[in-house]
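Report on one structure; see the data block that follows.
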2 protein chains.
Amino acid sequence: MPLNEAAKKKFVAFLESKSLRITSQRHAIINTVFSTDKHFTADELLAWAREKDKSVSRATVYRTLPLLTESGLVREMDFGKDYKFYDPNYADHPHHSHLICGDCDKIVEFDDEKLEKLECEITEKLGFSIKSQRLQITGTCEEMKRLGSCKNKCH
Amino acid sequence: MPLNEAAKKKFVAFLESKSLRITSQRHAIINTVFSTDKHFTADELLAWAREKDKSVSRATVYRTLPLLTESGLVREMDFGKDYKFYDPNYADHPHHSHLICGDCDKIVEFDDEKLEKLECEITEKLGFSIKSQRLQITGTCEEMKRLGSCKNKCH
DNA sequence: ATCAATGCAAATAATTTGCAAAAAG
DNA sequence: CTTTTTGCAAATTATTTGCATTGAT
């Protein structure tokens, strides 16, 4: 998957706006993060970044992750495991939601305008204005129920 | 807040169905959990349960929590802290969502039929059938923005 | 030069677990 | 009696942090 140049540029601008430095280690981390659309863990990010630059340490990964989330380009996700996942797709799809297959754990991301509008309405009716949203739907694969496996939808 | 007898009965039935025992410590924990509508941490639950039965240990709390979530009567929640919260209101409102005030951290729970229906439709369109859902909306209090504090809505 | 960023190794803190003793059914 | 549950204390594990050194600007 090619590097998402636009996202990288935004993050570099974010760092510069806070007078933070673009070190070679951060370079490796940034390039890794914005060259995938997969959810990743801190551990995976460390391994991938090290393939590009052997000098990246675990501490630097853990120190860079909060910068990425603070910039809004990456979002911390909780899927009930005891470690966190990070989703790099908020750069391109700032409002997306997650559908998780309860059978095979595959995660589908989706955007839905009607949903977005409804959430906004509900929020305003309660006296707030919406800032952000996280929706996780857990589902069962229909294919799975009919055929005993969810080849098409879930693998 | 009075004990939610119905929820307690359901959980006791759940334990019996798995031939698990109703010990005095579990009694104290169950009574605590179903006598509040607040989200709580493991640590808080331990403190509260100990007020009822001094012999409850941290280990027992941590061993009982997964039983509560497995029963579906309590749900584990992630609000971005490094410890988990537990929500005892799924017994009475199995589909509720959370609206979090970004200004004062107050959490409002709400049910919405239209939302539920829409989520179901989206899920089916993607080839799944819905099993469960978690929605967290973060908002800004209107009162806050106008008056500089959110007395009515948020405190 | 200056000040932020690094790697390392040690610290932190929530949660889990092994085990021998206690209690439920 | 049998089997589960308990408390305790030690273990686990993701993440954080102090510090002396390095590197970006």
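A note on names: the letters A, B, ... follow the listed sequences, proteins ahead of strands, and every chain is numbered from 1.
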Applying side-chain contact (heavy atoms from CB on, under 4.5 Å) to B/Tyr62 and not counting sequence neighbours gives B/Ala42, B/Arg58

Nearest heavy-atom approach of B/Arg75 to B/Arg134 is NH2-CG, 3.3 Å

Q) For atom NE2 of A/His98, is the number of surrounding heavy atoms from other residues, nucleotides or ligands below 6.0 Å larger than 12? A) yes

note: B/Lys54, atom NZ; D/dC8, atom P; distance rounded to Å ~ 10 Å

Across all chains, not counting sequence neighbours, the side chain to side chain donor-acceptor pair (under 3.5 Å) partners of A/Asn89 are A/Asp87, A/Glu109

Sorted by chain and residue number, the side-chain contact (heavy atoms from CB on, under 4.5 Å) partners of A/Ser24 (sequence neighbours excluded) come out as A/Asp53

Determine the contact category for A/Val61: base if any of its heavy atoms lies under 4.0 Å from a base atom, sugar-phosphate if only primed atoms, P, OP1 or OP2 are that close, otherwise nothing. nothing

Taking N or O atoms only and anything under 3.5 Å, show me the protein contacts with nucleotides 10-15 of chain D, one pair per line.
from	atom 1	to	atom 2	distance (Å)
D/dT15	OP1	A/Lys84	N	3.2
D/dT15	OP2	A/Tyr62	OH	2.5
D/dT15	O5'	A/Tyr62	OH	3.4

When rounded to whole Å, the CG to P distance for the pair B/Leu46 and C/dA14 reads 12 Å

Note: contacts of residues 9-28 of chain A with DNA chain D (heavy atom, under 4.0 Å) are A/Arg21, A/Ile22

Tell me whether the rings of B/Phe11 and B/Phe14 are parallel (<30°), tilted (30 to 60°) or perpendicular (>60°).
parallel

Separation of C/dA14 atom C1' from A/Lys81 atom NZ, nearest Å, is 18 Å

Rounded to whole Å, the CG-P distance (A/Asp53 to D/dG23) equals 12 Å

A/Arg63 CZ to C/dA4 C1', in whole Å, measures 11 Å

Can you label the angle between the A/Phe40 ring and the A/Tyr86 ring as parallel, tilted or perpendicular, going by 30° and 60°? parallel

The salt bridge (Lys or Arg N to Asp or Glu O under 4.0 Å) partners of B/Lys18 (sequence neighbours excluded) come to B/Glu70

